[in-house]
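As the structure lists them, so they are numbered: ligands from 1, and atoms in each ligand from 1.
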Amino acid sequence: MSYVDEVYERIVRENPGEPEFLQAVKEVFDSLKPVVDANEDKFRREALLERIANPERQFKFRVPWIDDKGQVQVNTGYRVQFNSAIGPYKGGLRLHPSVNLGIIKFLGFEQIFKNSLTGLPIGGGKGGSDFDPKGKSDREVMAFCQSFMTELCKYIGADTDVPAGDIGTGAREIGYMYGQYKRIKGVFEGVLTGKGLSYGGSLARTEATGYGLLYITEEMLKCNGQDIKGKTVAVSGAGNVAIYATEKAQQLGAKVVTCSDSTGWVYDPDGIDLAALKEIKEVRRQRLTEYKNYRPNSEYHEGKGVWSVKCDIALPCATQNELDLEDAKTLVANGVTAVCEGANMPTTLEATEYLQKNGVYFLPGKAANAGGVATSALEMSQNSERLSWSFDEVDSKLQGIMVNIFHNLDAAAKKYGMDGNYVAGANIAGFEKVVEAMTAQGIV
Ligand code: NDP
Ligand code: 2IT
C-alpha cells in the first residue's frame with residue numbers, strides 16, 4: 001500500500017465520528033499523491049503526513065454563562081492549534097450549534113494550507129463553540145464571550161495564536177472577546193483580528209473574504225479567456241462572506257440573483273438589492289423572509305434550493321457540504337461555467353469531482369476564501385508597527401495576494417501534469433511550503 005493510503009487509513013481509525021475532518025484530509029491527501037509518491041522514502045521516514053494531520057495540540061473547555069432569566073447555561077469551547085511551522089496559529093472562531101471537535105479540526109486542517117497559500121507568515125488553527133448567538137440578547141452574547149475568553153486567553157497571544165471571526169462571530173463578538181482578553185491579561189495587543197476600527201482593526205477586513213473571492217474568480221476567468229462582466233451569479237449565504245462577495249461582484253459588473261440563510265433562499269431576477277440585504281442581516285439581524293418587503297418582485301423559498309437557479313458562476317458562501325452531487329448536476333445542466341468556494345468545504349467530494357469532470361472551473365475554498373485570513377495577517381502587521389493603512393492600501397495588497405494565489409496554484413497543477421485542476425494545485429502549493437518549514441525545523 002502506498003504511504004499516502006497507509007496514513008489515511010490510520011487517520012480514519014484514529015478519528016472516529018469526525019466525517020468532516022476525514023473528508024478534508026482525504027481531499028488533501030488524494031491531491032498530494034504525485035508529490036509524496038515521487039519522494040516516498042523521505043516522507044515516510046519523517047512521518048510527515050502523520051505529523052501534518054495531527055494537531056500540535058487541542059483544547060476543549062467548559063463555558064458557563066448566565067442567561068437573561070438567571071439560568072446558568074453551559075457550552076463547550078474549542079481551540080485547535082494545528083500547525084505552527086510557518087507562523088503563529090491563525091484562524092477563526094465559529095459560534096454555531098453544530099460545532100464539535102471534528103468540525104473545528106476540519107477547519108483547522110484546511111487553514112494550514114490556506115494560510116500557506118497567502119504567502120504570509122501564519123500557521124493553522126481554529127476554534128469556536130456550540131453556542132448559538134441567534135436570538136440572544138446583547139448581554140447574553142457578552143456574557144458568553146467573556147466566559148469563553150476567560151479560558152481561551154490562557155492559550156493565545158499576539159505572537160502565539162491569533163483568532164478571528166467565522167460563522168456567528170462578527171464585530172460584536174470580537175469586541176466583547178477583545179475587551180475580556182485585555183482586562184485579564186492587561187495588554188493591548190493584536191491578539192484577535194477583525195477588530196473594530198477604533199481599537200486596532202484594519203480597514204477592508206470586513207470586506208476582505210468576499211472581495212478576495214471575486215478578485216481570484218476574476219483572475220481565473222481572465223486567464224481562461226473570460227470576463228466576469230455581464231455574468232449571472234448565484235450566491236449562497238447571507239453573512240459576512242456572501243454580502244461582500246455580492247458587493248464586489250456587482251462592482252465588477254456581474255448580476256447576483258440569489259442569497260440564502262439556514263431557513264430559506266431568495267431569487268431576485270432584477271439583481272440582489274445589497275442595501276436591503278445589509279439592512280436585514282447586518283443591522284436588524286433578521287431572517288431573509290423580510291427581503292420581500294423591500295423587493296416585491298423577488299421570490300422567497302423555504303429550505304434548500306439556491307443551486308436550482310440558472311447561473312454562469314456559483315459562489316457557495318454559507319457552510320460546509322451545502323452543494324452536493326445533485327446540486328452539481330443541476331448547475332451543470334443549467335450551463336454553469338465556474339464554481340468558486342467562499343465558504344470552507346461547501347462542496348462535497350462527489351460534487352467537486354462531477355464539476356471538474358464536466359469542465360467547470362472549480363476554485364477550492366482554501367484558495368478562494370483566503371482573502372479573509374490574508375487581510376487578518378495584514379491587520380497583525382499594522383498592529384505590530386502601531387500604524388493603520390488606508391483602505392486602498394489594504395485592498396490593493398489583498399488584490400495582489402489573490403492574483404498571486406491563483407498563479408501559484410495554477411503553476412503547481414501544471415508542474416504535476418494536472419493542468420486546470422485547481423484543487424490539486426492549491427493543496428500542493430500550500431503543502432510544499434509547510435513541509436519545507438517542517439523539515440527544516442526537525443522532528444518537533
Ligand atoms: P456568517 O455567520 O456571517 O454567515 C453565515 C451564513 O451562512 C448565514 O447566512 C447563515 O445563515 C448561513 N449558514 C450558516 N450555517 C448554515 C447551515 N448549517 N445551513 C445553511 N446556512 C447556513 O459567517 P461567514 O459569512 O463569516 O462565513 C461563511 C463561510 O465562509 C463559512 O464556511 C466560514 O468558515 C467561511 N469563511 C469565512 C471567513 C471570514 O472572514 N468571515 C473567511 C474564510 C472563510 P443563518 O444566519 O440562518 O445561520
Ligand atoms: O476560515 C477562515 O479563513 C476565517 N474564518 C478567517 C480567519 C482569520 O484569521 O481571519
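A 6.0 Å sphere centred on CD of Glu436 holds no more than 12 heavy atoms belonging to other residues, nucleotides or ligands. For Leu197, the CG atom sits in a packed shell: over 12 heavy atoms of surrounding residues, nucleotides or ligands are nearer than 6.0 Å.
A donor-acceptor contact shorter than 3.5 Å links the side chain of Arg139 to the backbone of Asp67. Side-chain atoms of Glu140 come within 3.5 Å of backbone N or O of Ser137 as a donor-acceptor pair. For the pair Arg205 (side chain) and Gly372 (backbone), a donor-acceptor distance under 3.5 Å is present. Side chain of Glu322 to main chain of Ala318: a donor-acceptor pair is present (N/O by atom type, distance under 3.5 Å, no hydrogens or angles). At least one donor-acceptor pair closer than 3.5 Å links the side chain of Asn358 to the backbone N or O of Tyr354. Looking at Glu341, its side chain does come within 3.5 Å of a backbone N or O of Thr347 through a donor-acceptor pair.
Near Ala164, the atoms of ligand 2 lying under 4.0 angstrom from a non-hydrogen atom of the residue are 8 (C), 9 (O), 10 (O). Applying the 4.0 Å criterion to heavy atoms of Arg94 picks out, from ligand 1, the atoms 31 (C), 32 (O), 33 (C), 34 (O). Residue Ser260 has at least one heavy-atom neighbour below 4.0 Å for each of these atoms of ligand 1: 9 (O). Taking every non-hydrogen atom of Lys114 and a distance limit under 4.0 Å, the qualifying atoms of ligand 2 come out as 1 (O), 2 (C), 3 (O). Near His96, meaning under 4.0 Å from any of its heavy atoms, are these atoms of ligand 1: 15 (N). Close approach of ligand 2 to Gly92 is summarised as follows: ligand atoms under 4.0 Å from at least one heavy atom of the residue are 7 (C). In summary, the atoms of ligand 1 found under 4.0 Å from a heavy atom of Cys317, numbered by their order in the structure, are 28 (C), 29 (C). Within ligand 2, counting atoms from 1 as listed, the ones closer than 4.0 Å to a heavy atom of Lys126 are 1 (O), 2 (C), 4 (C), 5 (N).
For atom 9 (O) of ligand 1, the nearest non-hydrogen atom from the set Gly91, Ala238, Pro316 belongs to Ala238. For the residues Thr209, Leu93, Val241, Asp166, the heavy atom positioned nearest atom 5 (N) of ligand 2 is part of Asp166. Of the candidates Thr169, Asn344, Thr206, Ile167, Ile167 brings a heavy atom nearest to atom 23 (O) of ligand 1.
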(message) As a quick check of understanding, evaluate side-chain contact (heavy atoms from CB on, under 4.5 Å) for Ile216 and Phe406, giving each step before the final call.
(response) CA-CA 6 Å; Ile216 194 168; Phe406 176 73; 3.8 Å; yes
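The shortest heavy-atom distance from Arg94 to ligand 2 is not under 4.0 Å. Residue Arg205 places a heavy atom less than 4.0 Å from ligand 1. The closest approach between any non-hydrogen atom of Arg287 and ligand 1 is below 4.0 Å. The shortest heavy-atom distance from Gly165 to ligand 2 is under 4.0 Å. Residue contacts with ligand 2: Arg205 is included, with a non-hydrogen atom under 4.0 Å away.
Protein heavy atom in closest approach to atom 10 (O) of ligand 2: Ser376 OG, 2.5 Å. Protein heavy atom at the shortest distance from atom 45 (P) of ligand 1 is Ser262 OG, 3.3 Å. If you check which protein heavy atom lies closest to atom 9 (O) of ligand 2, you get Lys90 NZ, 2.7 Å. Closest to atom 2 (O) of ligand 1, if we only count protein heavy atoms, is Gly168 N, 2.9 Å. Closest protein heavy atom to atom 13 (N) of ligand 1: Ala318 CB, 4.1 Å. Among all non-hydrogen protein atoms, the one lying nearest atom 17 (C) of ligand 1 is Thr319 CG2, 3.4 Å. Here the protein heavy atom with the shortest distance to atom 3 (O) of ligand 1 is Asn240 N, 2.9 Å. Of all protein heavy atoms, the one lying nearest to atom 4 (O) of ligand 1 is Gly239 CA, 3.2 Å. In terms of protein heavy atoms, atom 48 (O) of ligand 1 is closest to Lys134 NZ, 2.8 Å. Among protein heavy atoms, the minimum distance from atom 39 (C) of ligand 1 is reached at Thr209 OG1, 3.4 Å.
Ring geometry for Phe29 versus Tyr8: interplanar angle over 60°, hence perpendicular rather than tilted (30 to 60°). Using a 30° and 60° split on the angle between ring planes, Phe131 and Phe144 fall in the parallel class, below 30°.
Residue-level proximity to ligand 2 for Glu110 is absent, since no heavy atom of it falls below 4.0 angstrom. At a heavy-atom cutoff of 4.0 Å, ligand 2 is contacted by the side chain of Asn344 but not by its backbone. Heavy atoms of Val241 found under 4.0 angstrom from ligand 1 belong to the backbone as well as the side chain.
Residue-to-ligand polar distances place Asp166 within reach of ligand 1: an N/O pair is separated by less than 3.5 Å. Every N/O-N/O distance between Ala242 and ligand 1 stays at or above 3.5 Å. Checked against a 3.5 angstrom limit, the closest N/O atoms of Gln111 and ligand 2 fall inside it.
The six-membered or imidazole ring of Phe188 lies near that of Tyr178, with a centre-to-centre distance under 6.0 Å. Taking the six-membered ring for Trp and the full ring otherwise, the centers of Tyr78 and Phe61 sit at least 6.0 Å from each other. For an aromatic pair to be called close, the ring centres must be under 6.0 Å apart, and Tyr291 with Tyr300 fails this.
Taken from NZ in Lys278 to CD1 in Ile280, the straight-line distance is 13.0 Å, to the nearest 0.5 Å.
Checked by atom type, the side-chain pair Asn100/Asp130 shows no donor-acceptor distance below 3.5 Å. Side chains of Asn427 and Lys366: a donor-acceptor N/O pair is present below 3.5 angstrom, by distance only.
The salt bridge (charged side-chain N to carboxylate O under 4.0 Å, His left out) contacts involving residues 372-391 comprise Lys195-Glu379, where partners must be two or more places apart or lie in separate chains.
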